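Structure, as structure tokens:
Chain naming here is simple, since letters A, B, ... match the order of the sequence lines and numbering starts at 1 in each. Because the structure is predicted, anything quoted here is derived from the model rather than measured.
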Amino acid sequence: MADAMAPPARQMGAIAWLRKHFFNTWYDAIFSIIFAVLIFWGLQALIGWAFVNAIWRVENKNQCTHDAGACWAVIESRGRLILFGLYPYEEQWRSTLACFAVIITIALSCLPRFWSIRRLPLLWVVGFGAFVLLMRGGFAGLPLVTSEKWGGLSLTIFIFSGVFVIGMPLAVVFALARRSSLPVIAKSTGFFIDIVRSLPLLTILFAAAVIVPLLVPEWLQGSKLMRVVVAFAVFFAAYQAEIIRAGLQSTPDGQAEAASALGMPYWSLVVDILLPQAFRNTLPSTINQAVITFKETSIVTIIGFFEVMASGNAAIGTGEWGNQYIEVYVFLALIYFVFVFGLSRYGAWLEKRMRLGHA
Amino acid sequence: MHKPAISIISLEKHYGDFHALKNVNLEVPDGQTLVICGPSGSGKSTLIRCMNGLESYTSGDIDVLGMAVGDNTQVLDQVRKRVGMVFQNFNLFPHLTNLENCVLPQIRSLGRDRGAATEEAQEQLKKMQVNIHAAKFPDQLSGGQQQRVALARALCLKPEIMLFDEPTSALDPEMISEVLDVMQDLARADMTIVCVTHEMGFARAVADRVILMAAGEIVEEGTPVQMFNNPLHDITREFMKVVN
Ligand SMILES: Nc1ncnc2c1ncn2[C@@H]1O[C@H](COP(=O)(O)OP(=O)(O)O)[C@@H](O)[C@H]1O
Ligand SMILES: [Mg+2]
């Protein structure tokens with residue numbers, strides 16, 4: 001009896017599995033072998049370079065001979081420059097704390113339990129406030145560090161989250177305005193979005209950094225960093241607005257009709273019914289947009305901000321560690337990878353969760 | 001004299017060049033059940049959607065519970081709080097649990113606090129016999145169950161009038177009766193009901209009056225018995241043959 005009820009064997013056996021997936025036909029076999037050799041060869045070279053033959057510590061930099069393997073000593077020596085940019089050495093603990101404040105804020109706002117119209121803004125005001133206060137100082141005995149001196153990873157994270165936090169509500173407003181029943185509003189918003197999307201990001205940031213101060217009275221200018229973040233946010237919003245609009249359009253008319261028939265006010269229809277569904281339906285594109293934005297933050301280098309990429313360049317640019325540029329770029333790539341990969345995994349998790357019906 | 005719950009005078013509706021409603025006159029007394037039937041495209045949905053302002057109209061007068069249904073959005077808000085509607089496709093909010101589907105509208109349109117709203121929602125879901133599904137999401141339910149959640153959602157606002165637009169047309173045959181049963185209970189409990197349906201069993205059981213529409217006009221109206229047994233018009237006779 002018990003035998004008859006046993007499920008069929010699920011394990012195919014390693015050989016059978018290999019056969020089925022890699023050696024099904026003669027050309028499968030050829031490609032499998034070629035790629036296996038390539039992968040093996042690449043991995044072996046990488047591991048040899050990064051670990052086996054690597055030099056981890058040196059007494060002085062001349063001991064870094066470039067041929068055998070990586071010389072990770074450069075990271076130890078220049079890591080602080082990469083992470084903190086020009087931020088004053090003795091105050092770098094503040095930058096670290098500020099960084100953690102924003103990372104924790106980002107992590108918390110990824111949790112569905114914080115997704116309410118009251119909690120999310122509160123969380124961001126606290127998290128951002130902590131970041132700015134810590135970075136800037138100028139109170140309670142903390143020396144003042146103006147935003148021109150902010151740099152490295154904390155600047156990258158600040159710009160990214162600033163763009164996201166300002167850009168997302170802006171995108172919602174743009175998307176709603178473009179769908180407005182008043183043609184004047186719909187048309188002019190559409191026109192504005194198309195203009196912004198047809199300009200290179202660099203041009204927009206340059207205008208914000210250099211041209212705005214010539215046109216706008218001083219009290220309205222804010223700091224250069226502020227202007228750049230806002231301009232970047234507008235750029236982000238123009239793209240994200242189109243994603244949200246697509247999401248709104250994919251929500252059936254019946255949803256709005258049901259809400260109206262139940263006497264729910266317009267704002268509630270938008271906030272409680274349409275937007276959550278629009279975000280749900282467009283989650284993959286939204287995550288994609290976030291990833292692109294994170295990587296694009298490196299563009300602010302050009303207008304004189306030492307975000308993590310520029311700091312990395314500066315770390316090797318002095319000549320002293322000029323031979324170790326590969327190590328530095330690998331380190332930078334790892335930093336980007338951690339964030340971007342984290343974002344994509346989070347997106348995948350959310351999607352799965354929403355397919356199950358939650359949130 | 002009792003004022004009618006709904007009174008419609010000389011209603012005209014155009015979609016561009018298309019004349020969708022032609023001189024419709026209609027009164028629904030308080031507590032009555034009115035069934036609207038007629039071939040597809042005859043303007044039944046348009047008419048019923050005019051009653052709570054989901055559809056605008058070209059000319060005429062619509063008075064619901066003493067309020068003039070028109071362009072005034074404040075009046076419309078008041079009307080919709082007192083007039084419930086159930087749709088062919090349920091139109092539940094898919095991102096909210098069935099319970100939350102019933103709770104949120106109470107909070108947003110009546111300003112009830114969450115505690116009271118939840119209590120009311122539980123009670124209505126129980127009456128519709130879907131309370132065990134409260135924590136699930138709409139797409140985890142069968143069509144018949146979804147429609148009963150939709151009905152519970154509308155009833156949570158304690159409406160004085162219920163509008164139904166083909167509430168069972170999207171259902172598998174074996175689920176139709178579970179929805180009709182709860183609607184019949186409502187009708188017997190003296191709710192004012194306007195229902196677009198082809199379920200003549202329902203009309204026979206609880207309708208006080210049946211009207212037949214064709215090409216945007218009310219062709220004939222009468223008690224269910226009259227309409228089924230002695231129709232005056234050929235169109236009605238034809239139609240009754242098809243649906244019975
Ligand atoms: N939004 C609209 N625009 C143009 N024509 C419409 C629209 N809605 C309905 N109609 C037309 O009005 C007529 C009546 O529609 P409807 O009231 O939905 O009919 P029923 O519910 O009786 O099947 C149909 O011919 C339909 O094509
Ligand atoms: Mg219809």
Report task. Quick one: which of A:Ser260, A:Pro252, A:Ala259 has the most heavy-atom pairs under 4.5 Å with chain B, could you say? Result -> A:Ser260
Query raised in the report: Does any non-hydrogen side-chain atom of B:Leu125 lie less than 4.5 Å from one of B:Leu99?
Result: yes
Query raised in the report: Where do A:Ile244 and A:Gln240 land on the side chain to side chain contact (heavy atoms under 4.5 Å, CB included) test, with the steps shown first?
Result: CA-CA 6 Å; A:Ile244 296 174; A:Gln240 182 63 30; 3.7 Å; yes
Query raised in the report: Applying a criterion of heavy atom separation less than 4.5 Å, what residues of residues 262-273 of chain A form contacts with chain B?
Result: A:Leu262, A:Gly263, A:Met264, A:Pro265, A:Trp267, A:Ser268, A:Asp272, A:Ile273
Query raised in the report: Strictly under 6.0 Å, is that where the ring centroids of A:Phe232 and A:Phe236 end up?
Result: no
Query raised in the report: Between B:Val83 and chain A, which part of the residue has a heavy atom less than 4.5 Å away: side chain, backbone, both or neither?
Result: backbone
Query raised in the report: Tell me, side chain or backbone of B:Leu92 under 4.5 Å from chain A's heavy atoms, or both, or neither?
Result: backbone
Requested in this report: Measure B:Asn89 against the heavy atoms of chain A and call it side chain, backbone, both or neither at under 4.5 Å.
Outcome: neither
Query - Test item: B:Leu157 and B:Leu110 side chains (from C-beta on) under 4.5 Å apart, heavy atoms - result: yes
Query - Side chain to side chain, B:Val194 and B:Ile6, heavy atoms closer than 4.5 Å - result: yes
Report summary line: Under 4.5 Å to a heavy atom of chain A? For B:Phe93 that would be both
Query - Expected output: side-chain B:Gln124 to main-chain B:Ala121 donor-acceptor under 3.5 Å - result: no
Query raised in the report: Is the A:Phe128 to A:Phe158 ring centre distance short of 6.0 Å?
Result: yes
Report summary line: Checking heavy-atom separations under 4.5 Å from chain B, one finds in residues 176-198 of chain A none
Query raised in the report: Would B:Ile48 and B:Met51 satisfy side chain to side chain contact (heavy atoms under 4.5 Å, CB included), going step by step from the backbone distance to the final call?
Result: CA-CA 5 Å; B:Ile48 200 170; B:Met51 295 179 189; 4.3 Å; yes
**Report entry** Heavy-atom neighbours of A:Tyr336 OH exceed 12 at 6.0 Å
**Finding:** yes
Report task. Please check if atom CD in B:Glu119 has more than 12 non-hydrogen atoms from other residues, nucleotides or ligands closer than 6.0 Å. Result -> no
**Report entry** B:His198/B:Glu166 under side chain to side chain donor-acceptor pair (under 3.5 Å): CA gap, chis, key distance, verdict
**Finding:** CA-CA 8 Å; B:His198 295 156; B:Glu166 304 206 27; 4.8 Å; no
**Report entry** Among the listed options B:Met85, B:Arg49, B:Lys81, the residue most often paired with chain A at heavy-atom distances under 4.5 Å
**Finding:** B:Arg49
Query raised in the report: Looking at side-chain heavy atoms only, is the closest gap between B:Leu47 and B:Leu21 below 4.5 Å?
Result: yes
